[in-house]
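Down below is the structure, laid out as structure tokens.
Owing to the predicted nature of the structure, the values given are computational and were not obtained by experimental measurement.
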Amino acid sequence: MTEVFLRRLTRWQAEQQRESIANVYVECYGPPGGTGEPGGADRKAFLERFERHVQEPDFDMVTADSGAVLAGCLYGFRGTRGSALLESLRDVLPADAAGRAAVGRLFVLTELMVLPDYRLEGVATRLRDLLLSRHTTDVVVAAVPPGDGVAHEVLRAWSYTKLGEFGPPQREAWLRPGPG
């Protein structure tokens, strides 16, 4: 097992690391073999989304580093009343979760990326635990691209429940079991 170190990034550090994070995104979600062009549409769309997400209230990010390699990252933010995200999630959240979300008790895990060579080593779970250790929320929702088999496996292993699709952009909402 390769040694992986976790660290929390400030908003400024996350913005400074955006190109490296986009590289991980392309390797995780791009065409087979991670051969996505650096200027490709998926990379560009990710960078645009990332730029918006970094500005969200309570944005938080953790990374997994192995030597000089960015092995993975997880980030998210608090859904706030009146936000486009909360409005789009409203139709898929159960009533009790929607009520708690409406008062600022919702945290959304927005992007989870772990390079293939570091999967099955518990990196994703360690990232999740560190990220959520600082957030006192009642409702945690993971937002993943539809049909993402790897993400589905991870979320099922964490006992998350699929709620449905929302967007744009089209995403699937998965709810963390139990409060807190």
ring-ring contact (aromatic ring centres under 6.0 Å, His included) partners for Tyr25, two or more places apart: Tyr29, Phe46

Taking every non-hydrogen atom, the tightest pair across [X] and [Y]:
X: Ala64; Y: Leu6; result: CB-CD2, 3.7 Å
X: Leu131; Y: Gly76; result: CD2-N, 4.2 Å
X: Val139; Y: Ala97; result: CG2-O, 3.7 Å
X: Val24; Y: Gly72; result: CG1-CA, 4.4 Å

Any side-chain heavy atom of [X] within less than 4.5 Å of one from [Y]?
X: Cys28; Y: Leu112; value: no
X: Ser66; Y: Phe5; value: no
X: Asn23; Y: Leu70; value: no

[X] side, atom [atom1]; [Y] side, atom [atom2] - distance, nearest 0.5 Å:
X: Ser88; Y: Gln170; atom1: OG; atom2: CD; value: 9.5 Å
X: His135; Y: Leu106; atom1: NE2; atom2: CG; value: 12.0 Å
X: Arg176; Y: Thr161; atom1: CZ; atom2: OG1; value: 12.0 Å
X: Glu27; Y: Asp117; atom1: CD; atom2: CG; value: 7.5 Å

In chain order, what residues pass the side chain to side chain donor-acceptor pair (under 3.5 Å) check against [X], with sequence neighbours excluded?
X: Glu87; result: Arg90
X: Arg126; result: none
X: Glu48; result: none
X: Arg78; result: Asp58

Can you list every salt bridge (charged side-chain N to carboxylate O under 4.0 Å, His left out) pair that touches [range], not counting sequence neighbours?
range: residues 107-116; value: Arg49-Glu111, Glu111-Arg171
range: residues 13-25; value: Glu19-Arg43
range: residues 60-74; value: Arg7-Asp65, Arg8-Asp60, Asp60-Arg134

Could you check whether atom CD of Gln13 has more than 12 heavy atoms from other residues, nucleotides or ligands sitting under 6.0 Å from it? yes

Check: Glu56 main-chain N/O paired with Arg11 side-chain donor or acceptor under 3.5 Å: yes

Step-by-step side-chain contact (heavy atoms from CB on, under 4.5 Å) determination, Met113 to Ile21: CA-CA 9 Å; Met113 301 171 265; Ile21 295 163; 3.8 Å; yes

When Leu127, Val141, Leu74 are each screened for side-chain contact (heavy atoms from CB on, under 4.5 Å) with Leu109, the one that passes is Leu74

Distance-only criterion, 3.5 Å: show the donor-acceptor pairs between side-chain atoms of residues 149-159 and protein atoms not counting sequence neighbours.
unit_1 : atom_1 : unit_2 : atom_2 : d
His152 : NE2    : Glu172 : OE1    : 2.5
Trp158 : NE1    : Thr125 : OG1    : 2.9

What residues form a salt bridge (charged side-chain N to carboxylate O under 4.0 Å, His left out) with Asp129, not counting sequence neighbours? none

Could you tell me which residues satisfy side chain to side chain contact (heavy atoms under 4.5 Å, CB included) with Asp91, sequence neighbours excluded, listed by chain and number? none

Among residues two or more places apart or on two chains, list those pairs meeting ring-ring contact (aromatic ring centres under 6.0 Å, His included) that have a residue in residues 61-94. Phe50-Tyr75, His53-Tyr75, His53-Phe77, Phe59-Tyr75

